[in-house]
Amino acid sequence: MSSGNTVLITAATGNVGIHAAACLLEEGAEVRALVLPGDPDVGRLPAGVQLCEGDLKDPAGVEAALDGVDGVLWMWPFFTLGVETAPAVLEKFEKHVRRVALVSSVGVHIGLERRDNNCHAYLEELLRDSGVEWTFLRTTGFMANALGFAGQIKKGGVVHFPYGEAARTAVHEADLGAVAARTLTGEGHARQAYLITGPEVLTQREQVNIIGEVLGRELGWEDVHAEQARAQMVATGWPPSYADGALDYFAMLTKEPEVGSKAVEKIIGRPAHTFREWAEEHINAFR
Ligand SMILES: NC(=O)c1ccc[n+]([C@@H]2O[C@H](COP(=O)([O-])OP(=O)(O)OC[C@H]3O[C@@H](n4cnc5c(N)ncnc54)[C@H](OP(=O)(O)O)[C@@H]3O)[C@@H](O)[C@H]2O)c1
């Protein structure tokens with residue numbers, strides 16, 4: 001088992017992985033990225049990251065990337081992957097690495113997601129029962145989820161989606177990446193479950209208003225029935241049970257807004273980014 005400072009990131013070319021990789025490099029770690037063969041997004045990773053081809057559906061292939069690795073940033077793209085190979089992948093981690101930070105979910109933190117109805121709760125349970133030092137990063141929705149509205153904003157400027165008044169503490173993916181990097185390079189994070197949120201509570205409608213302000217044009221929001229959104233979500237690849245869970249959660253958030261935490265600031269020593277800052281960085285995606 002390694003005692004060095006090499007970190008493997010799974011789902012590395014996604015929203016969080018690219019930021020986590022940059023932060024890990026800044027913290028002096030060696031960084032390996034597990035990427036699918038032919039992943040067109042490898043160019044999003046910073047220079048200096050070592051690419052290891054592998055598929056999370058193939059635990060033996062993942063093991064090939066683990067030689068000399070000390071820690072893993074474990075992200076599991078369960079929409080496309082299911083959870084069948086997760087226990088075998090974790091067994092490979094146990095053979096090689098000292099610690100694993102898992103990107104989990106606020107739903108586990110507040111007891112909505114359980115082992116029988118959600119992947120994050122299941123992965124947490126596996127890790128808790130494993131021999132590795134674990135850290136759970138129970139994150140709220142990403143600010144990048146607003147990119148899902150980009151098509152409608154570009155086309156007509158009115159977003160049609162349910163529950164405009166659902167209020168979340170969305171987190172900037174760069175903040176989550178920075179937290180992940182710190183928990184994997186610093187000490188004191190073993191057996192900790194952190195609630196990772198942004199610095200403010202905003203409704204979905206308020207997020208869209210901010211995007212409009214940054215764009216310099218007025219945008220609208222029109223609530224549509226949850227059933228209509230569900231059909232669209234399922235048509236674009238959401239497993240039906242996850243679409244139901246997400247929409248039920250949004251309905252709840254119209255009455256009980258998410259509650260933020262100070263974990264980002266405490267762990268990385270600077271305030272979390274606001275949604276307006278995120279919108280300014282990503283505004284070209286909405287033009
Ligand atoms: N979005 C949210 O609001 C939210 C909230 C709470 C928790 N989370 C958690 O955050 C995690 C990270 O999210 P993210 O948006 O950064 O990334 P993601 O969407 O989960 O993952 C995308 C990445 O996974 C890769 N990938 C897909 N199938 C793979 C496979 N079989 N083997 C290896 N790699 C594979 C993709 O490669 P290709 O591009 O080549 O397909 C891409 O690099 C998620 O897994 C989720 O559990 C998200």
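In each ligand, atom 1 is the first atom listed, and ligand 1 is the first ligand listed.
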Ligand 1 contact on [X] by region, counting heavy-atom pairs under 4.0 Å:
X      : value
Phe79  : neither
Ser104 : backbone
Leu56  : both
His120 : side chain
Thr13  : both

Starting from [atom], what is the nearest protein heavy atom, named by residue and atom, and what distance separates them?
atom                    : value
atom 8 (N) of ligand 1  : Phe142 CZ, 3.7 Å
atom 44 (C) of ligand 1 : Trp76 O, 4.3 Å
atom 27 (C) of ligand 1 : Pro77 CG, 3.6 Å
atom 9 (C) of ligand 1  : Val103 CG1, 3.7 Å
atom 25 (C) of ligand 1 : Ala11 CA, 4.0 Å
atom 37 (O) of ligand 1 : Asp39 OD2, 3.5 Å

| request: Considering only NZ, NE, NH1 and NH2 on the basic side and carboxylate oxygens on the acidic side, decide whether Glu258 and Arg138 come within less than 4.0 Å. | output: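 Salt bridge flag = no for Arg138 with Glu258.
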| query | Less than 4.0 Å between a side-chain N and a carboxylate O, is that true for Glu133 and Arg191? | reply | no
| message | Looking only at distances, can you tell me whether any N or O atom of Ser105, backbone or side chain, sits closer than 3.5 Å to an N or O atom of ligand 1? | response |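 Among all N and O atoms of Ser105, none is under 3.5 Å from an N or O of ligand 1.
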Joint cluster assignment, [X] & [Y], ILVMFWY side-chain distance < 4.5 Å:
X     : Y      : answer
Phe79 : Leu56  : yes
Leu34 : Leu127 : yes
Phe78 : Trp134 : yes

With rounding to the nearest 0.5 angstrom, report the [atom1] to [atom2] distance, [X] to [Y].
X      : Y      : atom1 : atom2 : answer
Leu195 : Ile110 : CG    : CD1   : 9.0 Å
Asp55  : Asp39  : CG    : CG    : 11.0 Å
Arg99  : Thr183 : CZ    : OG1   : 7.5 Å
Phe136 : His120 : CZ    : NE2   : 12.0 Å
Leu137 : Ile267 : CG    : CD1   : 7.0 Å

Relative to the heavy atoms of [X], which atoms of ligand 1 are at a distance of less than 4.0 Å?
X      : result
Gly141 : 3 (O)
Asp55  : 30 (C), 31 (N), 32 (N)
Asp41  : 39 (O)
Val16  : 16 (O)
Thr140 : 5 (C)
Gly14  : 16 (O), 17 (O), 43 (O)
Thr139 : 6 (C), 7 (C)
Leu81  : 31 (N)

| Neighbour count above 12 (heavy atom, 6.0 Å) for Asp67 CG | no
| Does atom CD of Glu63 have more than 12 heavy-atom neighbours from other groups under 6.0 Å away? |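 Yes - once you tally the heavy atoms of other residues, nucleotides and ligands closer than 6.0 Å, there are more than 12.
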| message | Quiz question for you: does at least one protein heavy atom lie closer than 4.0 Å to atom 19 (O) of ligand 1? | response |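 No, no protein heavy atom sits under 4.0 Å from atom 19 (O) of ligand 1.
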| task | State, without any angle test, whether Glu281 and His273 hold a side-chain donor-acceptor pair at a distance under 3.5 Å. | result |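 No, because no side-chain N or O of Glu281 sits under 3.5 Å from a partner of the opposite role on His273.
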My understanding is that we take every heavy atom of each candidate and find the minimum distance to [atom]. Doing that for [options], which one comes out nearest?
atom                    : options                     : answer
atom 1 (N) of ligand 1  : Asn145, Ile18, Val106       : Asn145
atom 29 (C) of ligand 1 : Leu36, Val42, Asn15         : Leu36
atom 12 (C) of ligand 1 : Met75, Arg168, Arg44, His19 : Met75

| query | In terms of ring plane angle, is the pair His282 and Trp278 parallel, tilted or perpendicular, where the classes change at 30° and 60°? | reply | parallel
